[in-house]
A.B. asks: 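Just dropping this structure here.
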Amino acid sequence: MMLNLRLDRHQWAGVLCALLCWCMPSAAQNEHTTKPTHDSICLNEVVVSTHRQTMGANQIGTQLNQTAITNAMGRSLGSLLEGVSGMSSIQTGTIVSKPVIHGMYGNRILLVSNGARLTGQQWGADHAPEVDKNSYSNIEVVKGADAVKYGSEALGGIILMQPAPLPYDVRGLHGMVSALYGTNGRRFGASGYLESSFKWHGNWAWRLHLNTENGGDRSTAHYLLNNTGMRENDLALALGYSRDAWRLEAGYNLFTQKLGVMQSAQMGNEQLLQERIRLGRPVDFTPFSRQIGYPFQQINHHIAFLKAFYDNDKLGHFAFQSTFQQDNRRENRIRRLNHSDIPMVSLHLKSWQNSLVWNKGYNHWKSEAGAQMLITDNNNERGTGVVPIIPNYTEVAFGLYGLQKYTADRWGMEAGVRFDGQQTKADGYDWTGKRYGGKRDFTNFTYSLGGHYHINRQLKLTSHFGVAWRAPHVYELYSNGNELSSGIFVKGDSTLRSEQSYKWITSLKYTSKVVDVELAGYLQWINNYIFDQPTGRNITVVSGAYPVFQYTQTRAFFQGVDLDTHIRPISSLDYHLVTAMIWAREMPSHTYLPYIPSFRLTHSLTWSLPFLKAFAPTIGLTHRFVAKQTRFNPATDLIATSPDAYHLMGFEASFSVPMREGQSFRFSLMGDNIFNREYKEYTNRSRYYAHDMGRDVRCMITWNF
């Protein structure tokens with residue numbers, strides 16, 4: 001029997017529409033979908049979306065999406081990134097947190113915000129990055145020393161923070177609003193954005209993002225940490241125009257934050273200092289308060305940027321960006337004669353950076369070249385009545401680089417080279433009235449070589465070797481004062497030289513429907529490694545007594561292993577494990593370096609309930625184990641022991657309620673340290689005086705529209 005498959009155009013249209021409805025049942029079941037007829041066909045809109053990935057195929061790292069960032073609302077950037085293998089955080093108290101990649105933090109981690117390096121007062125352990133993580137849709141962590149493309153200070157790695165592309169030619173108002181309440185500190189917050197293109201011209205697009213958070217005294221498992229409240233208000237505005245080969249974008253970001261400083265870190269005399277360190281916890285407590293008293297930090301960070309892009313099939317892709325940043329930091333402490341309202345530290349940093357990047361792909365090759373310039377000016381406010389902790393300074397830095405990439409079907413390679421120059425000028429007066437400072441010039445060549453090879457469809461090998469460098473910061477050269485939150489007195493060394501790093505990292509990644517495993521190992525040699533260590537002396541100033549730390553240099557060797565595993569025995573169940581181990585030694589004496597994270601393991605089990613799929617319900621449990629730091633040198637610390645190992649449990653439960661026209665509400669309940677364990681983290685600079693944060697339960701509602 002022979003079938004006749006000859007159909008007219010109307011019959012073919014009906015078959016096509018039926019197939020589309022079968023492939024997209026949610027659309028077919030929508031009561032507003034027009035039924036197909038022989039006279040008209042209504043095809044539902046198909047949206048294909050993806051994430052921009054700045055990290056290349058020859059780099060090793062991790063990408064966090066919008067969902068992970070939104071779920072971390074109410075937590076710091078450092079705590080968000082702790083879920084990435086090989087990453088941890090160094091803290092000062094319960095609020096200030098800095099990301100750590102492979103044992104390195106601060107000026108050894110390069111933060112790139114919306115295409116420009118973040119410039120601020122990040123030199124102290126008690127200075128967190130001046131950035132609102134909620135305004136980004138994508139955060140990538142590059143673990144290699146990729147200094148060729150991004151410049152100096154990328155010894156440990158790079159954190160790339162990118163907002164979503166502007167919605168050109170997208171009609172209607174879209175956005176998201178999230179509201180949060182957290183039990184620890186009785187804090188509340190809200191974050192959200194609106195975006196659209198202009199009705200009168202689809203080539204124009206805009207986005208407005210707002211964020212606010214308000215919290216009172218945080219608490220450990222058994223006591224309050226007085227004067228640890230926080231206020232934060234942020235704004236981000238972007239406007240863009242796109243037509244043919246051109247795209248122009250401009251924007252403004254404002255980050256404002258006020259942080260209370262734990263009063264138990266401020267000592268009245270040397271005897272009280274020794275007693276507080278011996279007890280390891282505050283002695284006096286006051287009832288819970290939302291008020292932020294003295295001492296406190298106040299930060300205002302402004303960013304204004306202009307971008308221009310040009311695409312040409314023959315000439316390639318050009319990208320120019322000019323970014324201006326202004327960072328104002330004030331630190332007020334308890335002062336005599338009612339002068340507490342006059343800041344003891346008041347720094348005003350301005351920076352202007354420009355970059356021009358060209359790249360072009362042809363056949364299997366891609367070439368890239370770029371030039372960057374950064375001018376920084378940092379001044380102390382006059383009239384504070386105290387000697388500034390660092391002198392006034394200016395920095396001028398420039399760099400030129402080139403990259404060549406080759407990509408075949410199963411493998412690829414890249415090589416790059418870069419030249420950098422930097423001039424630092426500092427000028428100030430010390431507490432004796434003596435003038436100090438001077439001019440330092442630094443130049444450096446860096447290079448990198450990386451490649452990847454797909455052994456088969458499931459197994460990928462990636463390896464990268466990079467040379468990076470970092471000039472000593474003015475704080476490390478000339479500091480002479482006490483850090484407000486950590487309660488230590490720091491002295492610099494004007495003879496310090498540039499750090500030179502050689503890092504080799506290799507990753508083996510296996511991917512299948514059931515298991516995803518990535519195992520990465522790295523070796524890193526650093527000449528002239530700069531760190532601060534206690535001198536064994538204390539100093540008494542007007543505000544109290546503090547242990548003295550001195551900056552010094554040595555040759556260092558880092559090595560470690562990262563493991564990231566997903567196991568999905570069934571489609572609705574996901575077991576996720578990340579762990580990391582770091583060994584860091586001083587080469588001449590082979591003694592351990594201070595403030596290196598100990599072994600840690602975090603694993604979670606998430607169940608996406610197979611019933612009620614329309615509501616996408618999920619339940620998850622998390623367990624974190626942090627070992628006692630045995631790779632520890634008592635001579636580089638204030639006390640002869642490191643904190644004990646600890647276990648923390650957490651949970652997360654959420655479900656969505658779909659609404660009309662693609663809108664939805666999502667309700668989430670999350671908890672950290674749910675058994676309220678009392679513990680201390682080795683990398684917390686406030687562990688000498690207090691424990692870490694106790695139980696915290698967060699409730700969040702998110703509206704997508």
Side-chain angles (χ1 to χ4, degrees), residues 51-52 54-55 61-84 87-91 94-101 105-106 109-122 127-142 157-164 175-180 182 185 187-193 195 207-215 230-238 251-259 299-303 305 325 327 652 668 670 672 696 698 700 702:
H51 295 287
R52 290 185 300 171
T54 311
M55 182 174 56
T62 303
Q63 179 174 317
L64 299 178
N65 59 20
Q66 178 73 71
T67 302
I69 298 171
T70 302
N71 289 342
M73 184 180 173
R75 299 166 58 194
S76 65
L77 174 65
S79 61
L80 163 65
L81 296 176
E82 284 183 343
V84 176
M87 292 203 66
S88 58
S89 64
I90 186 166
Q91 296 173 270
T94 58
I95 303 176
V96 177
S97 176
K98 301 169 76 76
V100 178
I101 303 177
Y105 62 93
I109 301 296
L110 187 59
L111 278 75
V112 179
S113 170
N114 196 9
R117 67 165 56 200
L118 188 69
T119 58
Q121 309 289 354
Q122 300 180 43
H127 296 177
E130 301 93 343
V131 62
D132 170 27
K133 70 179 187 311
N134 301 300
S135 63
Y136 303 100
S137 66
N138 181 44
I139 298 178
E140 295 178 11
V141 177
V142 180
I158 305 165
I159 298 174
L160 302 166
M161 300 173 287
Q162 289 285 351
M176 181 185 71
V177 177
S178 296
L180 168 86
R187 65 197 192 278
F188 56 85
S191 181
Y193 70 89
E195 64 179 18
R207 178 184 297 117
L208 173 65
H209 185 278
L210 298 173
N211 179 70
T212 184
E213 187 171 346
N214 185 306
M230 186 263 280
R231 309 284 186 271
E232 183 176 327
N233 295 286
D234 311 311
L235 176 147
L237 177 64
Y252 169 76
N253 291 24
L254 172 64
F255 173 86
T256 65
Q257 192 177 65
K258 184 177 181 179
L259 306 173
I299 304 101
N300 292 282
H301 193 89
H302 306 262
I303 301 177
F305 65 87
Q325 299 183 57
D327 188 80
E652 179 178 344
S668 303
M670 297 160 284
D672 297 322
D696 181 37
R698 306 187 308 280
M700 186 168 65
T702 301

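We use all heavy atoms of the structure for the numbers below, so side chains are in, but hydrogens, waters and symmetry mates are not.
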A.B. asks: Calculate, to the nearest 0.5 Å, the distance between atoms OH and CE belonging to Tyr136 and Met161 respectively.
C.D. replies: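 That separation rounds to 4.5 Å.
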A.B. asks: I'd like to know if Asp234 and Lys133 make a salt bridge, using a cut-off of under 4.0 Å between side-chain N and carboxylate O.
C.D. replies: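 A salt bridge is absent here (no side-chain N lies under 4.0 Å from a carboxylate O).
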A.B. asks: How long is the gap from CD on Glu652 to CE on Met670, to the nearest 0.5 Å?
C.D. replies: 6.0 Å
A.B. asks: Please report the closest heavy-atom contact between Ile159 and Pro99, naming both atoms and the distance.
C.D. replies: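 Distance-wise, the nearest heavy atoms are CD1-CB, 3.7 Å.
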A.B. asks: Side chains of Ser88 and Tyr105: any donor to acceptor distance under 3.5 Å?
C.D. replies: no
A.B. asks: Which residues pass the side-chain hydrogen bond (donor to acceptor under 3.5 Å, both in side chains) test with Ser178, sequence neighbours left out?
C.D. replies: Thr702
A.B. asks: Once rounded to the nearest 0.5 Å, what's the spacing between atom CG of Asn65 and atom CD1 of Ile139?
C.D. replies: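 Reported value, rounded in 0.5 Å steps: 10.0 Å.
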A.B. asks: When you measure from the side chain of Ser137 to the backbone of Ala164, do you find a donor-acceptor pair of N or O atoms at a distance under 3.5 Å?
C.D. replies: yes
A.B. asks: Of the non-hydrogen atoms in Pro129 and Leu111, which two are nearest, and what is the gap between them?
C.D. replies: CB-CD2, 3.7 Å
A.B. asks: Specify the closest pair of heavy atoms between Arg207 and Pro163, including all atoms of both residues, with the distance to one decimal.
C.D. replies: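 That would be NH1-CB, 4.3 Å.
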A.B. asks: Check side-chain hydrogen bond (donor to acceptor under 3.5 Å, both in side chains) between Ser135 and all other residues, then give those that pass, not counting sequence neighbours.
C.D. replies: none
A.B. asks: If we only count heavy atoms from C-beta on, is the Glu140 to Gln162 side-chain gap below 4.5 Å?
C.D. replies: no
A.B. asks: If I compare all heavy atoms of Phe255 with all of Val131, which pair ends up nearest, and what's the gap?
C.D. replies: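 Nearest pair, atom of Phe255 first, then Val131: CE1-O, 3.5 Å.
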A.B. asks: Which value, rounded to the nearest 0.5 Å, describes the distance between Leu64 atom CG and Leu81 atom CG?
C.D. replies: 6.0 Å
A.B. asks: Just wondering, do Tyr193 and Met176 contact through their side chains at under 4.5 Å, heavy atoms?
C.D. replies: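 Yes, side chains in contact.
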A.B. asks: Report yes or no: does Arg231 contribute a side-chain atom to a donor-acceptor pair with the main-chain N or O of Gly215 at less than 3.5 Å?
C.D. replies: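 Answer holds: yes.
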A.B. asks: Once side-chain hydrogen bond (donor to acceptor under 3.5 Å, both in side chains) is applied, do any residues pair with Thr212, and if so which ones, sequence neighbours excluded?
C.D. replies: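 Only Asn233 meet the side-chain hydrogen bond (donor to acceptor under 3.5 Å, both in side chains) criterion with Thr212.
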A.B. asks: Do Val112 and Leu118 have side-chain heavy atoms sitting under 4.5 Å apart?
C.D. replies: no
A.B. asks: Holding to ring-ring contact (aromatic ring centres under 6.0 Å, His included), I want the full list of residues that pass it with His127, two or more places apart in sequence or in another chain.
C.D. replies: Trp123
A.B. asks: Test your reading of the model: is there a side-chain donor-acceptor pair from Arg187 to the backbone of Leu180, 3.5 Å cut-off?
C.D. replies: no
A.B. asks: Is a donor on one side and an acceptor on the other found under 3.5 Å between the side chain of Ser113 and the backbone of Ala116?
C.D. replies: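 Answer holds: no.
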A.B. asks: Can you list everything that forms a salt bridge (Lys or Arg N to Asp or Glu O under 4.0 Å) with Glu82? Sequence neighbours excluded, please.
C.D. replies: Arg624
A.B. asks: Going by side-chain hydrogen bond (donor to acceptor under 3.5 Å, both in side chains), name the residues that satisfy it together with Arg117, two or more places apart in sequence or in a different chain.
C.D. replies: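 Checked Arg117 against side-chain hydrogen bond (donor to acceptor under 3.5 Å, both in side chains); zero matches.
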A.B. asks: Can you tell if the side chain of Val96 reaches within under 4.5 Å of the side chain of Leu259, non-hydrogen atoms only?
C.D. replies: yes
A.B. asks: Ser191: what forms a side chain to side chain contact (heavy atoms under 4.5 Å, CB included) with it, not counting sequence neighbours?
C.D. replies: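 Testing Ser191 for side chain to side chain contact (heavy atoms under 4.5 Å, CB included), a comparison that skips the adjacent residues, returns Met73, Asn134, His209, Asn211.
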A.B. asks: Restricting to salt bridge (Lys or Arg N to Asp or Glu O under 4.0 Å), what partner residues turn up for Asp672, sequence neighbours left out?
C.D. replies: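 Listed in chain order: Arg698.
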A.B. asks: With distance as the sole criterion, is a donor-acceptor pair present between the side chains of Asn138 and Gln66 under 3.5 Å?
C.D. replies: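 Asn138 vs Gln66: no donor-acceptor pair found between side chains.
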A.B. asks: Can you tell me how far the CG atom of Leu254 sits from the CG atom of Asn300, to the nearest 0.5 Å?
C.D. replies: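 Result: 6.5 Å between the selected atoms.
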A.B. asks: For Arg75 and Leu80, work out which heavy atoms get closest and say how close.
C.D. replies: NH2-N, 4.2 Å
A.B. asks: Just jot down the salt bridge (Lys or Arg N to Asp or Glu O under 4.0 Å) partners of Glu232, sequence neighbours excluded, or say none.
C.D. replies: none
A.B. asks: Rounded to the nearest 0.5 Å, what separates atom NE2 in His302 from atom OH in Tyr252?
C.D. replies: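 Between atom NE2 of His302 and atom OH of Tyr252 there are 4.5 Å.
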A.B. asks: For a quick check under 3.5 Å, do His301 and Gln325 share a side-chain donor-acceptor pair by atom type?
C.D. replies: yes
A.B. asks: Between Thr67 and Thr70, do the side chains contain an N or O donor and an N or O acceptor separated by less than 3.5 Å?
C.D. replies: no
A.B. asks: What heavy-atom pair brings Ser97 and Gly78 nearest, and what distance separates the two atoms?
C.D. replies: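 Distance-wise, the nearest heavy atoms are OG-CA, 3.6 Å.
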